[in-house]
Undergrad: 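First the structure, which I've put down as structure tokens, then a few questions once you've had a look.
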Protein chains: 2
Amino acid sequence: MNKVKPREANNATAVDVTDLILHDIQTGVLAPGSWLKQIDLEQRYQCTRPEVRRALDRLAQRRLVEHVPNRGYHVFEPDGRQAAEVSEIRILLEAGVADKIAANTSEPDVEALRNLASRFDTLILEGTPIELYEANLAFHHKLLSLCGNQELVNLVTEIRQRTSSAPVSQWKTRARIEQSSREHHQMIDAVAAGDGAALKDAIARHIRQD
Amino acid sequence: MNKVKPREANNATAVDVTDLILHDIQTGVLAPGSWLKQIDLEQRYQCTRPEVRRALDRLAQRRLVEHVPNRGYHVFEPDGRQAAEVSEIRILLEAGVADKIAANTSEPDVEALRNLASRFDTLILEGTPIELYEANLAFHHKLLSLCGNQELVNLVTEIRQRTSSAPVSQWKTRARIEQSSREHHQMIDAVAAGDGAALKDAIARHIRQD
DNA sequence: ATATCCAAAATTGGCGCCAATTTATGATAA
DNA sequence: TTATCATAAATTGGCGCCAATTTTGGATAT
């Protein structure tokens, strides 16, 4: 006697509520400082109370939300000092592997980078800020992954989330966005030329200005 | 039946179970690869099931334990590749701030470093491996904190935990321990001389050999 | 009118029960 | 004897209820 399984009842919950909340923090839907009321979250994301609590605890561990016992959770507000410190860390890590990136990169990798950079360029005109943000992330992720150190890629991905709580609004002016675009192409040129020193310089400048 | 009236089980412990389990992983009491059965943990640490689950989830987020759904949690077994990658990251970060350490350090700081280093030396002969491990950690923490970047200190502390799952047994031979001791003093000398380049070199060698 | 205090509502957080899944055990057949 | 399968035990994991704490609102006294 076979058991009949209800098909529509338990849909694939492969995505964690943590990621949904995280995404809304990154895109600025949940603004820095705003109160994350548990009852609101369980309605908004259609999940149970324990799921909300686990997600909030995880995000608090990652320093994306701040927790005050018996008083709830708030979206973390980035400190000026912390932001500067994290930028320094990113420069040490990302510029530090510039030589390896320049050495390891093959022609198809350069091609892929050019595609990601021009996708960013396209979205400057035609895309939403969120799409632009994600295209930028994709470019940097691809570039960094060429260093061959997977742990470093994961770490940078993590600390990049940690401070820029509302990353969508981080490029304020059009001029700054276009400056970013130019720097992307400078990095690619340095990679293609195998010039690690030039790449290191370009990466450091790029991180500093953001 | 087993409902024994808890006399002192009701103590107000501000310490989280997470830290207790973490400590036992660091000290090698819970060996890499060993299965963390929930019922065992709640007896061992005299806490409730939800507390155990929250602690395990947090440690899984930090990559200190590995989680397989419906099959439980195991102490993470460090991969050779990962260990090498984390070492590279530590070199980039810790050696990267050598100049700042050498520049920022005052005379009392040097004094404190010498005390921590000689405490390490003393414990080589008289202390337990755990005490030695903690003295080493204290020295490196103090040295690194002189760079002035608090976020970087936190990050290094975190990733140092991440890979060396049984850090107590990381110094196998006496010769290696004494080599570490000599390198500690070399670092201090470089700091005292304000020689950032020498400090950078000493830090890189020190991390590579561990 | 203003400050203080008490009660009620709202919110957070802990805990135990039970379902789902996996693992161990033993019986049966080839 | 060995492999296969069914049943029982053990383990994980989800969910709802209720206690503890905080916040809100209003009544009372000065």
Side-chain angles (χ1 to χ4, degrees), chain A residues 1-21 24-25 30-31 33-77, chain B residues 1-21 24-25 30-31 33-77:
Chain A
M1 212 173 291
N2 288 336
K3 290 199 296 183
V4 180
K5 288 197 170 184
R7 232 165 251 280
E8 70 276 0
N10 66 359
N11 47 2
T13 346
V15 284
D16 194 354
V17 198
T18 312
D19 298 323
L20 297 177
I21 301 177
D24 282 349
I25 291 175
L30 297 172
S34 62
W35 178 25
L36 299 173
K37 213 191 304 189
Q38 296 182 8
I39 193 167
D40 288 346
L41 296 177
E42 74 180 285
Q43 287 175 151
R44 178 178 231 279
Y45 301 104
Q46 286 296 307
C47 59
T48 65
R49 179 63 63 94
E51 280 178 291
V52 169
R53 291 235 299 265
R54 186 158 58 105
L56 289 173
D57 186 67
R58 286 179 174 178
L59 294 171
Q61 295 291 307
R62 294 199 225 171
R63 314 275 295 280
L64 278 154
V65 304
E66 197 181 5
H67 176 50
V68 180
N70 291 320
R71 298 190 73 192
Y73 297 80
H74 290 256
V75 178
F76 188 78
E77 293 191 87
Chain B
M1 282 296 274
N2 273 344
K3 298 237 176 180
V4 182
K5 186 65 170 61
R7 263 187 322 205
E8 52 190 356
N10 197 1
N11 49 5
T13 50
V15 288
D16 193 356
V17 198
T18 313
D19 298 323
L20 297 177
I21 301 177
D24 283 349
I25 291 176
L30 298 172
S34 62
W35 178 25
L36 299 173
K37 214 191 301 190
Q38 295 182 9
I39 195 168
D40 288 346
L41 296 177
E42 72 180 289
Q43 288 175 148
R44 180 178 229 279
Y45 301 104
Q46 286 297 308
C47 60
T48 65
R49 180 63 63 93
E51 279 179 291
V52 169
R53 292 235 300 266
R54 187 158 57 106
L56 288 173
D57 186 67
R58 287 179 174 178
L59 293 170
Q61 295 292 306
R62 294 198 224 171
R63 301 276 182 86
L64 278 156
V65 304
E66 197 181 3
H67 176 50
V68 181
N70 291 320
R71 298 186 94 208
Y73 297 81
H74 290 255
V75 178
F76 188 79
E77 293 191 89

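Remember, predicted model here, so these are calculated numbers, not experimental data. Throughout, protein chains are lettered first and strands after them, A, B, ... in sequence-line order, and every chain is numbered starting at 1.
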Undergrad: From the 5' end of DNA chain D to its 3' end, which nucleotides mark the outer limits of contact with chain B, defined by a 4.0 Å heavy-atom distance cut-off (strictly under)?
TA: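 Span of nucleotides near chain B: dT11(D) to dG14(D).
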Undergrad: Toward the 5' end of DNA chain D, which comes first, Asn70(A) or Trp35(B), by nearest nucleotide?
TA: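 That would be Trp35(B).
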Undergrad: Kindly write out the residues that satisfy side-chain contact (heavy atoms from CB on, under 4.5 Å) with Ala60(B), not counting sequence neighbours, or none if the list is empty.
TA: Val65(B), His67(B), Tyr73(B)
Undergrad: Can you check the Lys37(A) NZ to dA10(C) P distance for me, whole Å?
TA: 10 Å
Undergrad: On DNA chain D, does the nearest nucleotide to Pro69(A) precede the nearest nucleotide to Arg54(A) from the 5' side, or the other way round? Give the residue.
TA: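 In this pair, the answer is Arg54(A).
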Undergrad: Test of understanding: with salt bridge (charged side-chain N to carboxylate O under 4.0 Å, His left out), list the residues that count as partners of Arg49(B), not counting sequence neighbours.
TA: Glu42(B)
Undergrad: When the distance from CD of Glu42(A) to C1' of dA10(C) is rounded to whole Å, what number comes out?
TA: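 Atom CD in Glu42(A) sits about 14 Å away from atom C1' in dA10(C).
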Undergrad: Is the side chain of Gln46(B) donor-acceptor paired with the backbone N or O of Gln43(B) at a distance under 3.5 Å, no angle test?
TA: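 Looks like yes, one N/O pair under 3.5 Å.
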Undergrad: State which residues pass side-chain contact (heavy atoms from CB on, under 4.5 Å) with Arg62(B); sequence neighbours excluded, sorted by chain then number.
TA: Gln61(A), Thr18(B), Leu22(B), Leu64(B), Gln161(B)
Undergrad: Please name all residues satisfying side chain to side chain donor-acceptor pair (under 3.5 Å) with Arg44(A), sequence neighbours left out, ordered by chain then number.
TA: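 Result, side chain to side chain donor-acceptor pair (under 3.5 Å) vs Arg44(A): Asp24(A).
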Undergrad: Could you state the CD-P distance from Gln43(A) to dA10(C), rounded to the nearest angstrom?
TA: 13 Å
Undergrad: Can you list everything that forms a side-chain contact (heavy atoms from CB on, under 4.5 Å) with Leu20(B)? Sequence neighbours excluded, please.
TA: Tyr45(B)
